[in-house]
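What follows is a structure written as structure tokens; I'll ask about it next.
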Amino acid sequence: MNEWVTAMQARKWMKKNESFLPIWHAYVGSELKLFDEFKTARTIETISEKTGYPYDLLASWVKVGVAVKHLKKRPNQRYRTSKKRCGSLMGEDQSAGVKALLKEMMELHIPTMLKYPSIMKSQERAEFDHERHGGIVAETSALLEHFAIKKIKKMIRDKKVQSVVDLGCGHGGYLRKLAAEFPDVEMIGVDINQKVVDRARALSEDFPNIHFQVGDINSWKPSDGEKVDVVLLHNIFHYIHPEDRHQLLSHLHQYVQPNGLISVITPIDETEQGEAFSSAFNSFFIAHSNLFALPDKKELTDISKQCRYDLFDLDPIVKEGSWYTFWLSPSSPVREMRHTQTAGSSEQTLSSESMVKVN
Ligand SMILES: C[S@@+](CC[C@H](N)C(=O)[O-])C[C@H]1O[C@@H](n2cnc3c(N)ncnc32)[C@H](O)[C@@H]1O
């Protein structure tokens, strides 16, 4: 090929890669708390001496920071963090918010994506280390609470709900947000990861109506045998093999009230918006032997019908990420009978009814 064409093609790809720089820079600064070090204008020498980080590496990081506008150059060889751009990467809590998102992207997603060639060639998938990464995943997942909680609160208020169980509760943020408004509703969070539950308990000390249990949601049941008004099933489908998802939903019939509700939040594969993110999530999940493909809308409607639930209010909460919320309510036997009598085939009627609600 013409040398000029090759060089121009390489230049184009290099230019495309520029968008990676701010992410790399932000990750390094966040991990090493460098944005805090440069909170007020400082020289590189001062921070290098204070932290012990090699001068040349720090200087190079600072240079990139100025180029991507994370840092501002000040008189006398000093540099200061742009609070407008990097304020979310400053402060004590190293695991919260954008910092957690960067950490997950750089330490979990990108390394796995880089292993794709070897995974494909060897056909040996990676193993997701729940123990090691459970905390960070719970933290980034909690970023969705803000977008979803209003809808759940409204339902709890309207239905006069008495009990809520959060399955795969992570750090229990949904329960705390609900408990702050509904102090008389009994709440239980269940998670398989002991460390995650310990953190959830510590964060929820001020809420006497929240209790946590370590357990596997595939078999967990309330110990008192009581039925539950609302179950939360948030960001959990990709932890369960597609062939086992219907077992979980069927199992929930044992303790969800006949007029109760299941709140589901999940990224969905193959949606009109957010295709780039959902396909990237999917690539990450399925590269692991112990994480699984995202459900698509058809799987969700099929599984709901198969497991005798009505699916309704399917709404996107973060369009570009393909995250959706919806409710499942146990199909009432009367309605099922009505479907059977009027349509001859209850399956057809339920299916078309679900589709109307979904679309
Ligand atoms: C992505 S996090 C979601 C946390 C929370 N539900 C949220 O939406 O913010 C998934 C959580 O499910 C937990 N989990 C995965 N499989 C589980 C199982 N079989 N039983 C109980 N918890 C499980 C993980 O330990 C993790 O904390």
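For ligands, and for the atoms within them, numbers begin at 1 and follow the listed sequence.
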Problem set entry | ILVMFWY cluster membership beyond V196 - transitive side-chain contacts under 4.5 angstrom |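 Its cluster partners, ordered by chain and number, are none at all.
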
Exercise. Which of these, F292, F285, F284, sits in a ring pair (Phe, Tyr, Trp, His ring centres under 6.0 Å) with H288?
Worked result: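 Testing each of F292, F285, F284 against H288, the sole residue satisfying ring pair (Phe, Tyr, Trp, His ring centres under 6.0 Å) is F284.
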
For this session: Tell me who clusters with Y116, hydrophobic residues only, linked when side chains sit under 4.5 Å apart either directly or through other members.
Result: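 So far as hydrophobic clustering goes, Y116 is joined with M113, M120, I286.
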
For this session: Mind telling me whether H25 and W61 have parallel, tilted or perpendicular rings, with 30° and 60° as the class edges?
Result: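 If you compare the ring of W61 with that of H25, the planes turn out parallel.
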
Exercise. Can you list the steps and then say if H234 with S263 is a side chain to side chain donor-acceptor pair (under 3.5 Å)?
Worked result: CA-CA 7 Å; H234 295 169; S263 159; 2.8 Å; yes

Taking distance alone, no hydrogens or angles, what donor-acceptor pairs closer than 3.5 Å link side-chain atoms of residues 129-137 to residues at least two apart or in another chain?
residue, atom, partner, partner atom, Å
D129, OD1, E131, N, 3.3
D129, OD1, R132, N, 3.0

Pairs under 3.5 angstrom, nitrogen or oxygen on both sides, ligand 1 versus protein: list them out, please.
residue, atom, partner, partner atom, Å
ligand 1, 6 (N), G168, O, 2.6
ligand 1, 6 (N), H234, O, 2.9
ligand 1, 8 (O), S141, OG, 3.2
ligand 1, 8 (O), H234, O, 3.4
ligand 1, 8 (O), N235, ND2, 3.4
ligand 1, 9 (O), S141, OG, 3.1
ligand 1, 19 (N), D216, OD1, 2.9
ligand 1, 20 (N), I217, N, 3.0
ligand 1, 22 (N), I192, N, 3.1
ligand 1, 25 (O), D191, OD1, 2.6
ligand 1, 27 (O), D191, OD1, 3.4
ligand 1, 27 (O), D191, OD2, 2.7

